[in-house]
Amino acid sequence: MATGQSMWAIHDNLQAVQGRIARAAAAAGRDPRSVTLLAVSKTHLATLVEEALAAGQGAFGENYVQEAVEKMDALAGKIGEERTRALEWHLIGPLQSNKTRLAAERFDWVHSVESGKTARRLSEQRPAGMPALNVLIQVNVSGEASKSGVAPEKVLFLAKEIDTLPRLKLRGLMAIPEPGADDDRYRELKNLYEKLKSEFRFDTLSVGMSDDMEAAIAEGSTMVRIGTAIFGARKKIRSAA
Ligand SMILES: *Cc1c(COP(=O)(O)O)cnc(C)c1O
């Protein structure tokens with residue numbers, strides 16, 4: 001990946017992904033602008049984030065708080081603090097309660113809220129000078145291999161609690177359907193989202209990755225999280241941190 005060609009590769013990959021999003025949206029009778037592209041830069045260096053930024057990408061997803069903060073600081077050293085902060089940073093990986101402070105201080109969104117305890121800590125630790133932290137409840141749709149996420153029947157209870165927290169803004173739901181999951185998984189998620197949407201003023205359904213963005217967009221995704229199709233294969237999977 002780290003060749004002189006990478007800049008053009010990332011530019012071209014972003015265009016290809018935007019094309020896939022537009023075609024999937026059109027096939028579902030949806031406006032392509034109703035689907036936001038989150039570029040998942042986990043395990044990749046700040047230079048690649050900079051290249052994606054140069055190609056017009058402004059929202060980035062990271063899995064590990066510490067890695068993300070180091071990357072933000074490295075990027076700030078290159079393009080300046082102000083431009084780095086103007087980007088949108090989304091935490092999409094599992095969040096341990098000892099990492100909530102740093103997450104609350106440095107991210108704009110957290111997609112992986114799955115307990116009242118984590119939500120309360122994020123709200124308490126969100127700095128006063130910043131806007132409310134945007135959060136999504138991670139749902140474990142049936143048949144998912146991952147143990148992450150809240151069971152669908154428990155989402156309403158957690159949503160009600162988050163709704164009372166002053167420094168959080170509940171925007172919707174997130175899920176990671178198992179690779180190759182059938183369309184029922186996506187439909188189940190969409191139905192839950194639609195059921196809660198008006199009560200909680202949801203506007204974000206975060207679902208779909210490099211391999212399943214079409215299926216996710218067909219079932220209402222408003223935010224796809226794309227890593228491999230933009231930045232290439234990751235070297236190795238780190239354990240959650
Ligand atoms: C790594 C990751 C992605 C991106 O996956 P790709 O298959 O590389 O597009 C999206 N969402 C989450 C939660 C991830 O951990």
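Counting convention: from 1, in listed order, for ligands and their atoms alike.
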Counting non-hydrogen protein atoms only, what is the nearest one to atom 11 (N) of ligand 1? Give residue, atom name and distance. Arg225 NE, 2.9 Å
Kindly determine whether Glu88 and Trp109 satisfy side-chain contact (heavy atoms from CB on, under 4.5 Å), including the steps that lead there. CA-CA 8 Å; Glu88 221 177 68; Trp109 289 68; 3.7 Å; yes
Would Ser148 and Glu114 count as having a side-chain donor-acceptor pair, cut-off 3.5 Å? no
Taking only heavy atoms of Ile226, which atoms of ligand 1 are found under 4.0 Å from at least one of them? 9 (O)
When you compare ligand 1 with Ile176, is there at least one nitrogen or oxygen pair between them that comes in under 3.5 angstrom? no
Pairwise side-chain contact, Lys78 with Glu50, heavy-atom cut-off 4.5 Å (strictly under): yes
Identify, for atom 12 (C) of ligand 1, the protein heavy atom at the shortest distance, and state residue, atom and that distance. Ile92 CD1, 3.5 Å
So, 4.0 Å and heavy atoms of Asp211: is ligand 1 close enough to count as a contact? no
Among protein heavy atoms, which lies nearest atom 8 (O) of ligand 1, and at what distance? Thr228 OG1, 2.6 Å
Of the listed options Met174, Glu62, Met209, closest to atom 5 (O) of ligand 1 (non-hydrogen atoms): Met209
Any sub-3.5 Å donor-acceptor pair from Asp212's side-chain atoms to Met209's backbone N or O? yes
When you check the gap from the basic side-chain N to the acidic O, do Glu67 and Lys71 get nearer than 4.0 Å? yes
Among protein heavy atoms, which sits nearest to atom 14 (C) of ligand 1, and what does the distance come to when rounded to 0.1 Å? Lys42 NZ, 3.0 Å
Could you tell me whether the side chains of Thr100 and Arg121 share a donor-acceptor contact shorter than 3.5 Å? yes
Starting from atom 9 (O) of ligand 1, locate the nearest protein heavy atom and write down its residue, its atom name and how far away it is, to 0.1 Å. Ser210 OG, 2.5 Å
Please work out, at 4.0 Å between heavy atoms, whether the side chain, the backbone, both, or neither of His111 comes within that distance of ligand 1. neither
Looking at side-chain heavy atoms only, is the closest gap between Phe60 and Val49 below 4.5 Å? yes
